[in-house]
Amino acid sequence: MADARGTPSPWIVQWAGLVPAGATVLDVAAGGGRHALFFADRFHPVTAIDRDTSALPERADMERIQADLEDGSPWPLPWPQPGRRFGAVIVTNYLHRPLFPALLEAVDRGGILLYETFMAGNERFGKPSRPEFLLKDGELLELVRGRFSVVAYEARLISEPRMAMVQRIAARRL
Ligand SMILES: C[S@@+](CC[C@H](N)C(=O)[O-])C[C@H]1O[C@@H](n2cnc3c(N)ncnc32)[C@H](O)[C@@H]1O
């Protein structure tokens with residue numbers, strides 16, 4: 001179901017069924033929370049983190065964390081439970097490579113990583129266009145190699161919600 005704060009990505013909707021019922025979900029750089037809400041509506045305990053949580057609705061079943069993920073602080077952040085892991089980690093339309101190790105580590109064994117963002121070639125269609133914001137060819141596959149089992153992967157041009165080059169992966173932690 002679409003939410004006023006944005007329609008969930010078809011990739012996330014397609015592979016959400018991999019996330020075990022009731023598993024905890026971390027939405028990284030959650031924005032308006034379109035995916036946090038998607039999973040909360042499906043009875044997952046959700047944690048949504050962003051430097052600006054003003055667009056994230058307040059819900060009893062959703063933990064909101066306001067934090068700058070790029071200020072060099074150790075991550076996971078000084079949460080109540082250091083080393084906390086999740087049944088699924090969701091990242092869409094966000095790339096900060098220094099976070100990669102922590103993102104992978106935040107996925108529980110058997111848990112799911114759903115990651116989708118822009119890749120090289122997107123500069124033809126607009127922003128993001130700087131290399132630091134664009135995945136390289138095969139980068140998500142390389143990222144999870146040896147640590148996750150890849151369920152699905154795509155690198156392709158999409159036309160909705162607008163023309164863009166994206167790379168996306170659904171993978172289960174070994
Ligand atoms: C393009 S939006 C994507 C939002 C959401 N993932 C989605 O797909 O709907 C990028 C998000 O990254 C967040 N963000 C950017 N830099 C950040 C930082 N240093 N720390 C935490 N969040 C950041 C922004 O606030 C914004 O909500």
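Just so you know, residue 1 is the first one in the sequence shown, and it goes up from there.
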_Non-hydrogen atoms of Y94 and Y115 that approach each other most closely_ = O-OH, 2.8 Å
*Which distance, rounded to the nearest 0.5 Å, do you find between the CG of D108 and the CG of L113?*
13.0 Å
*For residues L104 and L143, determine if any side-chain heavy atom of one lies less than 4.5 Å from a side-chain heavy atom of the other.*
yes
_Residues in salt bridge (Lys or Arg N to Asp or Glu O under 4.0 Å) contact with E160, at least two apart in sequence or another chain_ = none
*Start with the C-alpha gap between I90 and V25, add the side-chain angles, then the distance that decides, and say whether side-chain contact (heavy atoms from CB on, under 4.5 Å) holds.*
CA-CA 7 Å; I90 315 298; V25 172; 3.7 Å; yes
*Mind checking salt bridge (Lys or Arg N to Asp or Glu O under 4.0 Å) for D137 and listing every partner two or more places apart, or none if nothing turns up?*
none
*Okay, side chain of N122, backbone of P128: is any donor-acceptor separation there less than 3.5 Å?*
yes
*For A48 against A36, the heavy-atom pair lying closest together*: CB-CB, 4.0 Å
*Take L134 and E123 through the side-chain contact (heavy atoms from CB on, under 4.5 Å) test and state the conclusion after the steps.*
CA-CA 9 Å; L134 299 177; E123 59 275 17; 3.2 Å; yes
*Do you know the tightest heavy-atom contact between I49 and A67?*
CD1-CB, 4.2 Å
*Hydrophobic cluster identity match, F118 and W11, side-chain contacts under 4.5 Å*: no
*Could you list the residues that satisfy ring pair (Phe, Tyr, Trp, His ring centres under 6.0 Å) with H44, not counting sequence neighbours?*
F39
*ILVMFWY cluster, V89 and I65 together (side-chain gap under 4.5 Å)*: yes
_If I take atom NE2 from residue H96 and atom CG from residue L69, how far apart are they, to the nearest 0.5 angstrom?_
8.0 Å
_Rounded at 0.5 Å granularity, tell me how far CG in D68 sits from CG in D52._
11.5 Å
*Heavy-atom donor-acceptor pair, H35 side chain to S9 backbone, under 3.5 Å*: yes
*When hydrophobic residues are tied together by side-chain contacts of less than 4.5 Å, even through go-betweens, does F148 share a cluster with L135?*
yes
*In terms of hydrophobic clustering (I, L, V, M, F, W, Y; side-chain heavy atoms under 4.5 Å; direct or indirect links), are L141 and L103 co-clustered?*
yes
*If you round to the nearest 0.5 Å, how far is CG of D27 from CG of L114?*
10.5 Å
*Give the other cluster members for F133, using side-chain heavy-atom distances under 4.5 Å between Ile, Leu, Val, Met, Phe, Trp and Tyr residues; answer none if it is isolated.*
none
*asked:* Minimum heavy-atom separation for L26 and A106, please, with both atom names.
replied: CD2-CB, 4.5 Å
*With distance as the sole criterion, is a donor-acceptor pair present between the side chains of E63 and T47 under 3.5 Å?*
yes
*Can you sort out the partners of R130 under salt bridge (Lys or Arg N to Asp or Glu O under 4.0 Å), two or more places apart, ordered by chain and number?*
E132
*If every non-hydrogen atom of T24 is compared with every non-hydrogen atom of F86, which pair is closest and at what distance?*
OG1-CA, 3.3 Å
*Check G22 against P45 and note the closest heavy-atom contact, atom names and distance.*
O-CD, 3.4 Å
Hey, can you pull the donor-acceptor pairs under 3.5 Å for the side chains in residues 161-174, sequence neighbours left out?
{"from": "R162", "atom 1": "NH2", "to": "K127", "atom 2": "O", "distance (Å)": "2.8"}
{"from": "Q167", "atom 1": "OE1", "to": "E139", "atom 2": "N", "distance (Å)": "3.1"}
{"from": "Q167", "atom 1": "OE1", "to": "L140", "atom 2": "N", "distance (Å)": "2.8"}
{"from": "Q167", "atom 1": "OE1", "to": "Y153", "atom 2": "OH", "distance (Å)": "3.4"}
{"from": "Q167", "atom 1": "NE2", "to": "K136", "atom 2": "O", "distance (Å)": "3.0"}
{"from": "R168", "atom 1": "NE", "to": "E154", "atom 2": "OE1", "distance (Å)": "2.9"}
{"from": "R168", "atom 1": "NH1", "to": "E116", "atom 2": "OE2", "distance (Å)": "3.0"}
{"from": "R168", "atom 1": "NH2", "to": "E154", "atom 2": "OE1", "distance (Å)": "2.9"}
{"from": "R173", "atom 1": "NH1", "to": "V107", "atom 2": "O", "distance (Å)": "2.7"}

*Close side-chain approach of R59 and L37, heavy atoms under 4.5 Å*: yes
*Is it possible for you to check whether R34 lies under 6.0 Å from the centre of the six-membered ring of F38, through NZ or CZ, and within 45° of that ring's axis?*
no
_Any side-chain to backbone donor/acceptor pair from D50 onto A30? Under 3.5 Å, distance only._
yes
_Are V144 and F100 packed together at the side-chain level, in the sense that at least one heavy-atom pair is separated by less than 4.5 angstrom?_
no
